[in-house]
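The shown structure was predicted, so the numbers you read here are calculated from the model rather than taken from an experiment.
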Amino acid sequence: MKKILCFGEVLWDILPNGHKKIGGAPLNVAYHLKKLGIDSGIISRVGSDKEGDRLIRFIEELSLPYHLIQKDKQYQTGKAIATLAGPNEMVYDIVSPVAWDFISFEDQHKNILKKTDALVYGSLACRNDVSRKTLYQMLAYVEYKVFDINIRKPYADMSVIQYLLSQSDLVKLNETETVILGEHFALGKSENQIVDGIFKNFAVKEILVTKGEQGGSYYDHNQKLDYEAKKVKVKDTVGSGDSFLAGFLSERVSGSDIIKCLDTASRLSGLVTSLEGGCPEYDILEIEDRFLK
C-alpha cells in the first residue's frame, strides 16, 4: 500500500453560530487519501486541552493514525474564528500562537519519512520558526515533495514560499496564488508565463493550477493538460481543493497516467463540493455512481 503523510495545521473552525467544525488543509487531504485506499497520516500538534482531546478522537474516528499528533502543554489547540463577510463568504481569524505552530522534529520521523511515498505541506504551517524548521528538516528524508501553497494572509512570507518552491517536486496553487507568484517574482502576467517562470527558476517538476468551476490545468516540462470540473449542485466549497489534491496524488503515487490522475481528482472534488464540510462522509464508489452514468 502506498503511504502519504501530510504536515501542518489541525484546528477547529468556530462558526458565527458558535458551532465547531474540524479544519486544516493537511487533515482534509489525509482524510480523502485514506478514503481512496492510501495509507495516509498527519504530523501535527494539539494542546493538552479538551479541544485537543476531541480533535484526536475525531482523527481516530476518521480511521487516521494519531500517533504522529504531538501534545503541547503550553499552547492551546488551534482555532480559526469565522466571520460572515458577505453572502456565502467567510473570513477567518487564525488564532496565533497555538500548538501546531510548535511541531517538533522527532527521531521517529526519519525512518517514517524514508518509507513515505510523498509528503504534503503548505505555507501556513511555516508561520512560526519551530514548525518551519521542522518541515525543512523533514524535506531531506522524503522522495516526493508536494507543496500545496495555500496562502493565508497575513501569513504569507514570500521568502519561505521561495525556499519551499526550490525544494518541491509538485506545486498546487489556485488562480489568485498564481498571480501573487507572478507579481512577486516578476515571472509575467499570464498563467503560461508564470508557470514557465516557476519551472525556469525553481526545481519544480509538476504544477497544478486549480480554477474552481472552470476546472484547471496540469503542467510539467513537456506538456499542459486542461481538465473540466464536474458539474454538480454545490453544497459548499470547503475542502474542494484539498480533495482534488488527494484524488490526484492517490493516482500519481500508484503510477497512473496524468489523465487518470486528473479524472479521479476532478470526480472526487465534484463529489465533495456536493456535500457539506471538508471531511464529509461518503462511499468512494459514489465517484463512479454519480459521474459515470
Side-chain angles (χ1 to χ4, degrees), residues 2 4-8 25-26 29 33 113 116-127 131-152 155-211 215-227 241-242 244-262 264-266 269:
K2 296 298 182 179
I4 297 178
L5 289 177
C6 302
F7 174 93
V29 175
L33 285 168
L113 290 166
T116 297
D117 294 286
L119 177 67
V120 182
Y121 47 90
S123 60
L124 178 58
C126 294
R127 68 180 183 176
S131 291
R132 180 169 69 248
K133 289 177 181 177
T134 295
L135 174 59
Y136 286 7
Q137 282 183 270
M138 289 182 171
L139 294 176
Y141 295 96
V142 68
E143 185 75 19
Y144 187 53
K145 298 176 281 290
V146 181
F147 184 20
D148 180 7
I149 290 187
N150 199 23
I151 293 175
R152 292 289 182 268
Y155 309 110
D157 187 330
M158 296 307 291
S159 65
V160 171
I161 289 173
Q162 181 174 354
Y163 178 77
L164 291 176
L165 284 171
S166 74
Q167 298 296 308
S168 303
D169 298 294
L170 169 65
V171 173
K172 172 188 163 290
L173 58 165
N174 59 32
E175 290 177 287
T176 300
E177 291 162 344
T178 303
V179 172
I180 290 172
L181 293 190
E183 291 176 348
H184 182 82
F185 296 113
L187 303 176
K189 293 187 177 181
S190 72
E191 180 179 301
N192 287 339
Q193 288 175 329
I194 295 167
V195 168
D196 286 344
I198 294 173
F199 282 139
K200 289 176 182 176
N201 289 278
F202 304 99
V204 175
K205 299 180 180 67
E206 302 170 283
I207 296 174
L208 280 171
V209 181
T210 58
K211 306 169 188 177
S217 302
Y218 166 88
Y219 297 83
D220 62 21
H221 287 273
N222 300 312
Q223 64 181 330
K224 173 187 178 183
L225 296 172
D226 296 319
Y227 66 89
D242 302 328
F244 181 90
L245 181 60
F248 182 90
L249 288 176
S250 70
E251 298 286 358
R252 188 73 178 85
V253 299
S254 301
S256 300
D257 62 56
I258 299 301
I259 296 295
K260 180 69 179 298
C261 294
L262 293 172
T264 298
S266 185
S269 180

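Remark: aromatic rings of Phe202 and Phe147 are distant, center separation not under 6.0 Å.
Taking every heavy atom of both residues into account, Ile151 and Glu177 meet most closely at N-OE2, 2.8 Å. In terms of heavy-atom proximity, Ala125 sits nearest to Gly8 at CB-CA, 3.6 Å. Closest approach of Leu165 to Ile149, counting heavy atoms only: CD2-CD1, 4.4 Å.
Here the side chains of Leu119 and Leu135 are in contact, with some heavy-atom distance below 4.5 Å. Side-chain contact between Asp117 and Leu249: absent, with no pair of heavy atoms (C-beta onward) separated by less than 4.5 Å. In this structure the side chain of Leu173 never reaches within 4.5 angstrom of the side chain of Ile180, judged on heavy atoms. By the 4.5 Å heavy-atom criterion applied to side chains, Tyr219 and Ile198 are not counted as neighbours. Two residues are said to be in side-chain contact when any heavy atoms from C-beta on lie closer than 4.5 Å; Leu164 and Leu139 meet this criterion. By the 4.5 Å heavy-atom criterion applied to side chains, Phe7 and Thr134 are counted as neighbours. For the pair Leu181/Ile161, a side-chain contact is recorded, criterion being any heavy-atom separation below 4.5 Å from C-beta on. Side-chain contact between Leu208 and Leu262: present, with at least one pair of heavy atoms (C-beta onward) separated by less than 4.5 Å.
With sequence neighbours excluded, no residue forms a salt bridge (charged side-chain N to carboxylate O under 4.0 Å, His left out) with Asp196. For Glu183, the side-chain hydrogen bond (donor to acceptor under 3.5 Å, both in side chains) test picks out no residue, with sequence neighbours left out. Listed by chain and number, the residues in a side-chain hydrogen bond (donor to acceptor under 3.5 Å, both in side chains) with Ser168 are Tyr121 (sequence neighbours excluded). Here Gln193 pairs with Lys189, Ser190 under the side chain to side chain contact (heavy atoms under 4.5 Å, CB included) rule; sequence neighbours left out. Scanning for side-chain hydrogen bond (donor to acceptor under 3.5 Å, both in side chains) contacts around Thr116 gives an empty result, with sequence neighbours left out. Qualifying salt bridge (charged side-chain N to carboxylate O under 4.0 Å, His left out) partners for Glu251, counting only residues two or more places apart in sequence or in other chains: Lys260. Partners of Asp157 by side chain to side chain contact (heavy atoms under 4.5 Å, CB included), not counting sequence neighbours, listed by chain and number: Ser159, Val160. The side-chain hydrogen bond (donor to acceptor under 3.5 Å, both in side chains) search around Tyr144 returns Glu206, not counting sequence neighbours. Residues meeting the side chain to side chain contact (heavy atoms under 4.5 Å, CB included) test with Lys205, sequence neighbours left out: Asp169. By the ring pair (Phe, Tyr, Trp, His ring centres under 6.0 Å) test, Phe199 pairs with His221, sequence neighbours left out. Asn222 is linked by a side chain to side chain contact (heavy atoms under 4.5 Å, CB included) to Asp220, counting only residues two or more places apart in sequence or in another chain. Under the ring pair (Phe, Tyr, Trp, His ring centres under 6.0 Å) criterion, Tyr155 pairs with no residue at all, not counting sequence neighbours.
Residue Val120 forms a side chain to side chain contact (heavy atoms under 4.5 Å, CB included) with just one option from Leu170, Ile4, Asp242, and that option is Ile4.
A donor-acceptor pair is defined here as one N or O able to donate and one able to accept, closer than 3.5 Å; such a pair exists between the side chain of Thr178 and the backbone of Asn174. A donor-acceptor pair under 3.5 Å is absent between the side-chain atoms of Ser217 and the main chain of Asp226, judged by distance alone. When atom types are taken as modelled, the side chain of Ser250 and the backbone of Gly247 share a donor-acceptor pair closer than 3.5 angstrom.
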**Q.** Evaluation steps, side chain to side chain contact (heavy atoms under 4.5 Å, CB included), between Tyr136 and Gln167
**A.** CA-CA 9 Å; Tyr136 286 7; Gln167 298 296 308; over 6 Å; no
Q: Let me see the working for Phe244 and Tyr227 under ring pair (Phe, Tyr, Trp, His ring centres under 6.0 Å), right down to the final yes or no.
A: CA-CA 12 Å; Phe244 181 90; Tyr227 66 89; 4.9 Å; yes
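Within a 6.0 Å sphere centred on NZ of Lys224, other residues, nucleotides and ligands contribute more than 12 heavy atoms.
Rounding to the nearest 0.5 Å places CG of Leu33 at 13.5 Å from NZ of Lys2.
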